[in-house]
Undergrad: 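The structure under discussion is supplied below as structure tokens; questions concerning it will follow.
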Amino acid sequence: IRHWDRRLRTTTSVIWGPRGIILGLVIGIVIAAVSRTRAWLFPEQLAWITAAASALGLSGALAVIWLWPRSPTYQARYFDRQFDLKERVSTAMEITAGMIPLPAGLAEHQLSDAVSNADRVNAKVRLPLRVKATEILVLVLLAAALAFLLLVHNRYTQELKTRQQLQQAINNQAAALQQTAEQIQDDSNLTPAEKDALTQ
């Protein structure tokens, strides 16, 4: 059952992993589209946000798939249905757990039958790794749309740069004024009144 469960989680990861990345790309495209209507973010910032959202979507999907607990009883019943084992595995688990009292000979026969039928299951064939072509196509198209939005000139980028340069100049001037104010306060040749007037 553990072997089958790993295979099931792997096949589920192949399906949901790209979906997590698609979610991140959609978030990136929405933010990039908004950034074309107002001065908000630089293309480099958008790229980092999209990468982080895609990584978070992928890791979130994989975390749910691999960390979500499934009881052995639930797994046994699921694989009985999935592999058409006619409740052999779940019954065998209930026998070994003492939930179904049976004579030793009958229990041994039941367990042997469950094991032999389970051994014949080819999990790789019954649980194939299938990537949905339409979802991969959507992923590629979204990535291309995002690349277009990031690489094509955005008229607000220059406005953002101007704002950034202005803010840097303000910060530099504020730091210089603060340094001057400290020098005034440290100057022992000035009276307190002169210090206050100059600082003002």
Side-chain angles (χ1 to χ4, degrees), residues 5-70 127-200:
D5 183 60
R6 283 194 299 272
R7 180 69 184 184
L8 176 61
R9 291 179 195 257
T10 301
T11 58
T12 308
S13 298
V14 171
I15 294 172
W16 281 95
R19 292 176 182 175
I21 297 172
I22 286 171
L23 176 62
L25 290 173
V26 169
I27 291 171
I29 287 173
V30 170
I31 295 173
V34 172
S35 293
R36 290 190 161 270
T37 63
R38 64 188 66 151
W40 186 20
L41 295 169
F42 287 107
E44 299 81 11
Q45 294 171 314
L46 290 168
W48 279 109
I49 290 170
T50 304
S54 298
L56 189 61
L58 175 61
S59 59
L62 295 179
V64 170
I65 291 166
W66 288 94
L67 300 179
W68 192 269
R70 297 174 186 163
L127 296 171
L129 295 175
R130 287 187 183 145
V131 178
K132 294 194 174 182
T134 53
E135 291 182 2
I136 297 301
L137 179 61
V138 167
L139 194 153
V140 171
L141 291 175
L142 288 174
L146 179 66
F148 176 81
L149 289 171
L150 294 178
L151 296 176
V152 172
H153 175 69
N154 183 353
R155 63 194 178 99
Y156 290 106
T157 301
Q158 187 56 47
E159 183 180 338
L160 274 173
K161 288 180 181 177
T162 303
R163 283 187 189 178
Q164 190 179 58
Q165 290 167 353
L166 177 60
Q167 187 60 50
Q168 186 62 45
I170 291 171
N171 293 341
N172 292 341
Q173 191 63 37
L177 289 171
Q178 180 64 34
Q179 185 178 10
T180 302
E182 290 171 0
Q183 289 171 350
I184 290 170
Q185 293 300 321
D186 293 340
D187 192 339
S188 58
N189 296 323
L190 298 173
T191 65
E194 289 173 332
K195 288 180 181 181
D196 289 343
L198 287 170
T199 301
Q200 186 63 35

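In this text, all values refer to a predicted model and were calculated from it rather than measured experimentally.
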Undergrad: What distance separates T10 OG1 from L62 CG, expressed to the nearest 0.5 Å?
TA: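 If I round to the nearest 0.5 Å, the distance is 10.0 Å.
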Undergrad: If you round to the nearest 0.5 Å, how far is NZ of K132 from CG of L139?
TA: 14.5 Å
Undergrad: Please examine the side chains of L160 and Q45, heavy atoms only from C-beta on, and report whether any two atoms are closer than 4.5 Å.
TA: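 No, side chains not in contact.
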Undergrad: Does a side-chain heavy-atom distance below 4.5 Å link L137 with L141?
TA: yes
Undergrad: Using only atom types and a distance under 3.5 Å, with no angle test, would you say the side chain of D187 pairs donor to acceptor with the backbone of Q183?
TA: no
Undergrad: Would you name the heavy atoms of Q185 and T199 that are closest together and state the gap between them?
TA: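 Heavy-atom minimum between the residues: NE2-OG1, 2.9 Å.
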Undergrad: What are the two closest non-hydrogen atoms of R6 and W66, and how far apart are they?
TA: O-CH2, 3.6 Å
Undergrad: Can you tell me how far apart CG (L8) and OG (S13) are? Round to the nearest 0.5 Å.
TA: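 So the CG of L8 and the OG of S13 are separated by 9.0 Å.
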Undergrad: Would you check if R36 and T157 make a side-chain contact, meaning some heavy-atom pair closer than 4.5 Å?
TA: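 Counting from C-beta outward, R36 and T157 never come under 4.5 Å.
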Undergrad: Under a 4.5 Å cut-off applied to non-hydrogen side-chain atoms, are P18 and I136 in contact?
TA: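 The answer is yes, as the side chains (C-beta and beyond) meet within the 4.5 Å cut-off.
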Undergrad: Find the distance between CG (L177) and CD1 (I170) and round it off to the nearest 0.5 Å.
TA: 11.5 Å
Undergrad: Distance check, rounded to the nearest 0.5 Å: I65 atom CD1 versus T12 atom OG1?
TA: 5.5 Å
Undergrad: Applying side chain to side chain donor-acceptor pair (under 3.5 Å) to D196 and Q200, what does each step give before you reach the verdict?
TA: CA-CA 6 Å; D196 289 343; Q200 186 63 35; over 6 Å; no
Undergrad: Rounded to the nearest 0.5 Å, what's the gap from CD1 on I22 to CG on L58? Could you check?
TA: 11.5 Å
Undergrad: Is a donor on one side and an acceptor on the other found under 3.5 Å between the side chain of T37 and the backbone of V34?
TA: yes
Undergrad: What closest approach, in Å, do I15 and E135 show between heavy atoms, and which atom pair accounts for it?
TA: O-OE1, 3.7 Å
Undergrad: Is there a side-chain contact between L41 and Y156 in this structure, where contact means two heavy atoms from C-beta onward sitting under 4.5 Å apart?
TA: no
Undergrad: Indicate whether the side chain of Q168 and that of N172 have a donor and an acceptor atom separated by less than 3.5 Å.
TA: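 N172 and Q168 do have a side-chain donor-acceptor pair below 3.5 Å.
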Undergrad: Taking all non-hydrogen atoms of both residues into account, name the closest pair between L46 and S35 and its distance.
TA: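 It is CD2-OG, 3.8 Å.
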Undergrad: Closest heavy-atom contact between V14 and R130?
TA: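 Shortest heavy-atom separation between V14 and R130 comes out as CG1-O, 3.7 Å.
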Undergrad: Between T50 and I27, does a side chain to side chain contact (heavy atoms under 4.5 Å, CB included) hold up when you go through it step by step?
TA: CA-CA 7 Å; T50 304; I27 291 171; over 6 Å; no
